[in-house]
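What follows is a short report on a single structure.
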Amino acid sequence: MKMIKNLILGAGIFFVLSSCSSDELKYESHTVKKLDFQLNGEPWNLNVGISNRPLFIYKENGEYFASYSSLYPFSLDDGKYKLVATDYPEQMVPSPTNLNELIVQQPSLANQPVNLSDAMPYASPFDEPLTLNIITRTGILRLKTLDITADKSYTTIKTTVLVKRSGYKVVDGTYIKEDMFVTRSKATASGGINYTDDFVLFQTDEEANNVRVKIECLNQNMEVVKTKELQGTFAIEGNKVTNVDFLINEPL
């Protein structure tokens, strides 16, 4: 009988100790309210009724935690996090992945801007205001012909742009330095007159990263009848347009 009492007493003490330990392991949560969203330095927020979740939250080690709307407050457990915002969530982060491995590729069709904030550290109790400035990391290369004489020997203009940056690494705001060709073909019924096309490309920042442009003119059989490489290289500035005017049918 004495042994049974000792067992019961021991179990009770173990239960009390276990309860204390469980309480100590519980995390408190705090409501995150003081987030300020900007787009290229201007106030920004989702329109009411849109279900996109532009805010991505990662744990301190880069592990994906959750995504939230910018319209409503939410709670986070105590701890340290990294926050990233974008106005194109489905394009910039198509599937959850570790922040340390998140690389946004140069769109192969050069038709999608890359808009992302820096990865901002944020820690409980989340009392300090935090600004998430979504920055456009791409610019537009606008190509336009100045020809006044048509050349009916071709029906398609194929443009190839050589870029020096193939991706953007979100965790530290750096670019993947790698040669990449961005190619697009566009029909022309005017023999090259009034041809214009926009290519959305990563900003270059320095001359070594400037882009080069090659133009090929193709006939109905998709055979190359004329080739022109534009002289020099071209800088791309974030959220700006680089205009390049050229002659394709007439010598400069």
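These values consider heavy atoms only, across backbone and side chains, with no hydrogens, waters or symmetry-generated copies.
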(message) Quick check on Lys169: does its NZ atom have over 12 non-hydrogen neighbours (other residues, nucleotides or ligands) under 6.0 Å away?
(response) no

(request) Rounded to the nearest 0.5 Å, what's the gap from CD1 on Ile57 to CG on Leu99? Could you check? (result) 12.0 Å

(message) Within the supplied structure, the quantity of interest is the number of heavy atoms (other residues, nucleotides, ligands) at a distance under 6.0 Å from Arg212 CZ; does it exceed 12?
(response) no

(request) Kindly confirm or rule out a cation-pi arrangement of Arg165 over Tyr175, judged by NZ or CZ under 6.0 Å from the six-membered ring centre and within 45° of its axis? (result) yes

(request) May I have the step-by-step check of ring pair (Phe, Tyr, Trp, His ring centres under 6.0 Å) for Phe65 and Tyr58, ending in yes or no? (result) CA-CA 5 Å; Phe65 180 76; Tyr58 301 85; 9.7 Å; no

(request) List the atom of Glu216, the atom of Thr227, and the distance in Å for their closest heavy-atom pair. (result) CG-OG1, 4.0 Å

(request) Answer yes or no: are there more than 12 heavy-atom neighbours, outside Glu206 itself, under 6.0 Å from its atom CD? (result) yes

(request) Might you point out which heavy atoms bring Thr242 and Glu237 nearest each other, and give the distance in Å? (result) OG1-N, 4.4 Å

(message) Please determine whether the number of non-hydrogen atoms from other residues, nucleotides or ligands lying under 6.0 Å from atom CG of Asn194 exceeds 12.
(response) no

(message) Quiz question: by atom type and distance under 3.5 Å, do the side chains of Thr136 and Asn115 form a donor-acceptor pair?
(response) yes

(message) Between Asn133 and Thr131, is there a side-chain donor-acceptor contact under 3.5 Å, judged purely by atom types and distance?
(response) no

(request) Inspect the surroundings of NZ in Lys186 and state if more than 12 heavy atoms from other residues, nucleotides or ligands are less than 6.0 Å away. (result) yes

(request) Working to the nearest 0.5 Å, report the span between CE of Met120 and CG of Leu83. (result) 9.0 Å

(message) Tell me the closest heavy-atom pair linking Gln112 and Val200, and the distance in Å.
(response) O-CG1, 3.6 Å

(request) With side chain to side chain contact (heavy atoms under 4.5 Å, CB included) as the test, would you mind laying out the steps for Ile248 and Cys217 before giving the verdict? (result) CA-CA 9 Å; Ile248 194 171; Cys217 302; 3.4 Å; yes

(message) Under a 4.0 Å threshold between the charged nitrogen and the carboxylate oxygen, would Lys144 count as salt-bridged to Asp245?
(response) no

(request) Could you pull out the closest heavy-atom pair between Ile134 and Asp87, with the gap in Å? (result) CD1-N, 3.8 Å

(message) Test of understanding: with ring pair (Phe, Tyr, Trp, His ring centres under 6.0 Å), list the residues that count as partners of Tyr154, not counting sequence neighbours.
(response) none

(message) Is the ring pair Phe246/Tyr195 parallel, tilted or perpendicular, if the boundaries are 30 and 60 degrees?
(response) perpendicular

(request) Apply side chain to side chain contact (heavy atoms under 4.5 Å, CB included) to the pair Asn210 and Phe234, showing each step before the final yes or no. (result) CA-CA 5 Å; Asn210 287 357; Phe234 307 99; 5.7 Å; no

(request) Output the distance between atom CD1 (Ile103) and atom CD1 (Ile176), rounded to the nearest 0.5 Å. (result) 4.0 Å

(request) Quick one: pull up CD in Gln105 and CD in Glu178 and give me the separation to the nearest 0.5 Å. (result) 8.0 Å

(message) Hydrogens and angles aside, do Asn98 and Asn100 bring a side-chain donor and acceptor to less than 3.5 Å of each other?
(response) yes

(request) Considering non-hydrogen atoms only, spot the tightest contact between Pro96 and Tyr64 and give its length. (result) CB-CD2, 3.5 Å

(message) Looking at every heavy atom in both Phe126 and His30, which two are closest together, and how far apart are they?
(response) CD1-CB, 3.7 Å

(message) Main chain of Ile193, side chain of Thr145: is a donor-acceptor contact present, judged purely on distance under 3.5 Å?
(response) no

(request) In sequence, state the C-alpha distance, the side-chain angles, and the governing distance for Leu141 and Val213, and then conclude on side chain to side chain contact (heavy atoms under 4.5 Å, CB included). (result) CA-CA 10 Å; Leu141 175 68; Val213 179; 3.9 Å; yes

(request) Have a look at Pro107 and tell me which of Asn111, Val104, Leu109 forms a side chain to side chain contact (heavy atoms under 4.5 Å, CB included) with it. (result) Asn111

(request) Report the residues that fulfil ring pair (Phe, Tyr, Trp, His ring centres under 6.0 Å) with Tyr68, sequence neighbours left out, ordered by chain and then residue number. (result) Phe74

